[in-house]
Amino acid sequence: SQQGEEDPQALSIQEGENATMNCSYKTSINNLQWYRQNSGRGLVHLILIRSNEREKHSGRLRVTLDTSKKSSSLLITASRAADTASYFCATEPTNTGNQFYFGTGTSLTVIP
Amino acid sequence: NAGVTQTPKFQVLKTGQSMTLQCAQDMNHEYMSWYRQDPGMGLRLIHYSVGAGITDQGEVPNGYNVSRSTTEDFPLRLLSAAPSQTSVYFCASSYSLGTGETQYFGPGTRLLVL
């Protein structure tokens, strides 16, 4: 399987703290995306980082990509209770055409 | 726009029964795909389509069929349901097959096979 792995599997923090989750993958990629899933809902796109980029920001989100280590991290700053959700990375490998591979997810709980 | 819609929301089947999960999008997206989500496994790609009349297999295609007769619709057929197909199924679409396209997901269909 080319599926990625997220770490940690679960994370619980206080409101206002920063949350960091990591994604590791196995093959060369064109890009990596992060998605969020609220309980019982579909996934929502958060941010994309291309293979030639090292860091990207969007509001309170910061994503890094290290292609030499085949890993990415998602940082959520100043977390809010509404950030409680599962977060998934999705990779588009260079050798599989139009297929996306999702990681196993990190479940984030932000305590008010 | 309604985005990506899926029906039904929930379904219970007996082993051996067949059914079709419906997926439709109104964004004129070329790329559509089906995933299944199981606890601790993330999402796994079942089948995908890059346009009307064109489909291909993903990571876990066995036991499922798809067709794409129109740009809008991409139904997923379970030929003979098995308990191992108990899962939550998500349909997704994106504008094209170019790299970096955002995928838009439907709300999911929860399937229980007894």
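All chains are named by letter (A, B, ...) in the order of the sequence lines, taking the proteins before the strands, and each is independently numbered beginning at 1.
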Enclosure of A/Arg60 CZ (heavy-atom neighbours >12, cutoff 6.0 Å): yes
Using the rule that two of Ile, Leu, Val, Met, Phe, Trp, Tyr join whenever any of their side-chain heavy atoms come within less than 4.5 Å, decide whether A/Ile13 and A/Met21 are in one cluster. yes
Under 4.5 Å to a heavy atom of chain A? For B/Gln37 that would be side chain
So, taking the atom named CD in B/Glu101 and the one named CG in A/Asn31, what distance separates them when rounded to the nearest 0.5 Å? 9.5 Å
Tell me whether B/Val88 shares a hydrophobic cluster with B/Leu111, the cluster being built from Ile, Leu, Val, Met, Phe, Trp, Tyr side chains joined at under 4.5 Å. no
Only one of B/Phe90, B/Tyr104, B/Phe105 passes ring-ring contact (aromatic ring centres under 6.0 Å, His included) with A/Tyr35, and that residue is B/Phe105
Looking at A/Glu17, I'd like to know if its CD atom is crowded, meaning that more than 12 non-hydrogen atoms belonging to other residues, nucleotides or ligands lie closer than 6.0 Å. yes
Honestly curious: do B/Leu45 and B/Tyr89 fall in one hydrophobic cluster under the side-chain, below-4.5 Å linking rule? no
Heavy-atom distances under 4.5 Å only: say whether B/Tyr35 touches chain A with side chain, backbone, both or neither. side chain
Looking only at non-hydrogen atoms, find the nearest pair between A/Gln33 and B/Thr102 and report the distance. OE1-CA, 4.1 Å
If one checks every heavy atom of A/Gln37 against chain B at 4.5 Å, the contacting part turns out to be side chain
